[in-house]
Amino acid sequence: MPELPEVETVRRSLLSLVRGKRIMRVELTEPRIIRHCDPARIRTGVTGRLILGIDRRGKFLLFQLTGELTLVVHLGMSGKLYYLAAEPTAGFPKHTHAIFELDDGGLLVYQDPRQFGRICLTESPETAVAALRSMGPEPLDRQFSVSWLTAALARRSAKLKTVMLDQKIFAGIGNIYADEALFRARLHPERAAASLAPEEVKRLHRAVRAVLRRAIANRGTSISDYVDGHGVPGDFQAQLQVYGRRGEACRRCGNPVQWVRLAGRSSFYCGCCQQEENKR
DNA sequence: AAAACCGCCTGTCGGC
DNA sequence: TGCCGACAGGCGGTTT
């Protein structure tokens, strides 16, 4: 599932492949993935535009096009966005929903079996996509400070793990990196967010940033679907400490990794390393 | 405002 | 062998 490190890896890997290229033609075979804007707008609005650059905000990719337009892409659960030098002889794989043909003959392909992703074309991403408007600061930017995080957590009575999935506070964090950051910070996922002591907020802040940096350095986590812009999987799955390791030995203390369902999602943690001692 | 829940989607896997 | 349910889960929507 693409989270911040995977989306950032896609961004970096695609940049040199598509920047400065012109979009000659668009093929949309699954209109369902077009959200927040009119599908017809994509076909007419994108053709002939140059790709000036690619930005990222949380888990969103923002393709800057000429004409003050932005192509917003979210990969959802199983979305892949990758470049092909030419059409594959065996045809495009199943669940290929969008193909952007470039002026070098290359193809930018969007494939998404679960169709949780979305694409839209807009002059104002923050107006078109509410999630961008309300999103918290980038966790790797200076604005994501200990004092900002302290104030944000103080307002929340929900469990820490639930709050870690809130993009208004932890932009770009998803289920994998939430669990990994909590493990690194030695914090129990069921702690009330507002109950953290100053030292614990500091640990969480450091842990989030360290986990994201390391995952980016390893080009993301590939468990089932994820590949970068070249179609290459990431390497961080080998370094996961708790996610997906239910019942396996904690890499730090050897006790079995625990599992609990929180906010409808699997949560993995070490009951020994991440104790609830300060639950209030 | 925040919290809790549901629906969307397909592929995979365990149980019978 | 095949059917069925559980599971994977980000996000937008609704309700409380």
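Please read these numbers as outputs of a predicted model, since none were measured by experiment. Residue numbers begin at 1 in each chain, while the letters A, B, ... track the order of the sequences.
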**Message:** Nearest whole Å is fine: how far is C/dG10 P from A/Leu132 CG?
**Reply:** 17 Å
**Request:** State whether the number of non-hydrogen atoms from other residues, nucleotides or ligands found under 6.0 Å of A/Arg214 atom CZ is greater than 12.
**Result:** no
**Under-4.0 Å side-chain N/O to phosphate OP1/OP2 contact, A/Lys59 with C/dC11** = yes
**Message:** Rounded to whole Å, please give me the gap between CZ in A/Arg133 and C1' in C/dG12.
**Reply:** 13 Å
**Message:** Counting only side-chain heavy atoms from C-beta out, which of C/dC11, C/dG12, C/dA8 sits nearest to A/Val129?
**Reply:** C/dG12
**Fill in**
Taken to the nearest whole Å, CZ/A/Phe170 to P/C/dC11 is 15 Å
**Message:** Without decimals, in angstroms, what is the distance between A/Ile33 CD1 and C/dC11 C1'?
**Reply:** 16 Å
**Request:** List in chain and number order the residues that pass salt bridge (Lys or Arg N to Asp or Glu O under 4.0 Å) with A/Arg11, two or more places apart in sequence or in another chain; answer none if no residue qualifies.
**Result:** A/Glu8
**Asked** Do the side chains of A/Pro233 and A/Tyr226 get nearer than 4.5 Å, heavy atoms only?
**Response** no
**Request:** For A/Lys202, enumerate each residue passing the salt bridge (Lys or Arg N to Asp or Glu O under 4.0 Å) test, keeping only those at least two apart in sequence or located in another chain.
**Result:** none
**Message:** Taking ring-ring contact (aromatic ring centres under 6.0 Å, His included) as the definition, give me every residue that meets it alongside A/Tyr269, ordered by chain and number, with sequence neighbours left out.
**Reply:** A/His188
**Asked** Do A/Ile176 and A/Glu3 pass the side chain to side chain contact (heavy atoms under 4.5 Å, CB included) test, and can you show the C-alpha distance, the side-chain angles, and the key distance before you say yes or no?
**Response** CA-CA 8 Å; A/Ile176 295 176; A/Glu3 303 178 27; 3.2 Å; yes
**Request:** Report which part of the nucleic acid A/Met1 touches: base, sugar-phosphate, or nothing (heavy-atom distance under 4.0 Å, all strands).
**Result:** sugar-phosphate
**Message:** If you only use heavy atoms from C-beta on, which nucleotide in C/dC11, B/dA3, B/dC9 is closest to the side chain of A/Gln115?
**Reply:** B/dC9
**Request:** Indicate, with a heavy-atom threshold strictly under 4.0 Å, whether A/Arg118 touches base, sugar-phosphate, or nothing.
**Result:** sugar-phosphate
**Asked** Within a reach of under 6.0 Å around CZ of A/Arg206, are more than 12 heavy atoms found that belong to other residues, nucleotides or ligands?
**Response** no
**Selection from B/dA3, C/dG10, B/dT10 that lies nearest to any side-chain heavy atom of A/Asn175** = C/dG10
**Fill in**
Of A/Arg114 and A/Ala131, the one whose nearest nucleotide on DNA chain C sits closer to the 5' end is A/Arg114
**Asked** Excluding sequence neighbours, so at least two apart, what forms side chain to side chain donor-acceptor pair (under 3.5 Å) with A/Thr70?
**Response** A/Gln64
**Request:** State, to the nearest 10°, the angle formed by the axis through the first five base pairs of the helix from B/dA2-C/dT16 to B/dC16-C/dG2 and the axis through its last five.
**Result:** 50°
**Request:** Could you state the atom-to-atom distance from CZ of A/Arg155 to P of B/dA3 in whole Å?
**Result:** 11 Å
**Asked** Just checking A/Ser78: base, sugar-phosphate only, or nothing, at a heavy-atom cut-off of under 4.0 Å?
**Response** nothing
**Message:** The criterion is ring-ring contact (aromatic ring centres under 6.0 Å, His included); which residues satisfy it with A/Phe60, sequence neighbours excluded?
**Reply:** A/His74
**Item:** Atom-to-atom span, CD of A/Glu3 to C1' of C/dA8 - whole angstrom
**Value:** 13 Å
**Prompt:** Under 4.0 Å between a side-chain N/O of A/His74 and OP1 or OP2 of C/dG10, yes or no?
**Reply:** no
**Request:** Report the residues that fulfil ring-ring contact (aromatic ring centres under 6.0 Å, His included) with A/His205, sequence neighbours left out, ordered by chain and then residue number.
**Result:** A/Phe144
**Asked** Can you name the residues that form a salt bridge (Lys or Arg N to Asp or Glu O under 4.0 Å) with A/Asp235, not counting sequence neighbours?
**Response** A/Arg219
**Message:** Heavy atoms only, 4.0 Å cut-off, all strands: where does A/Lys94 land among base, sugar-phosphate and nothing?
**Reply:** sugar-phosphate
**Request:** Compare the minimum distances between each of C/dC11, C/dC7, C/dG10 and the side chain of A/Gln167, then state the nucleotide with the smallest one.
**Result:** C/dC11
**Request:** Specify the separation, in whole Å, of atom CZ of A/Arg57 and atom P of C/dC11.
**Result:** 12 Å
**Request:** Figure out the NE2/C1' separation between A/His36 and C/dG10, and round it to whole Å.
**Result:** 12 Å
Under 3.5 Å, which protein N or O atoms sit close to an N or O of nucleotides 5-8 of chain B? Give each pair with its distance.
none

**Asked** On DNA chain B, nearest-nucleotide positions of A/Val163 versus A/His95: which is more 5'?
**Response** A/Val163
**Asked** When all nucleic acid strands are considered with a 4.0 Å heavy-atom cut-off, which category describes A/Thr162: base, sugar-phosphate, or nothing?
**Response** nothing
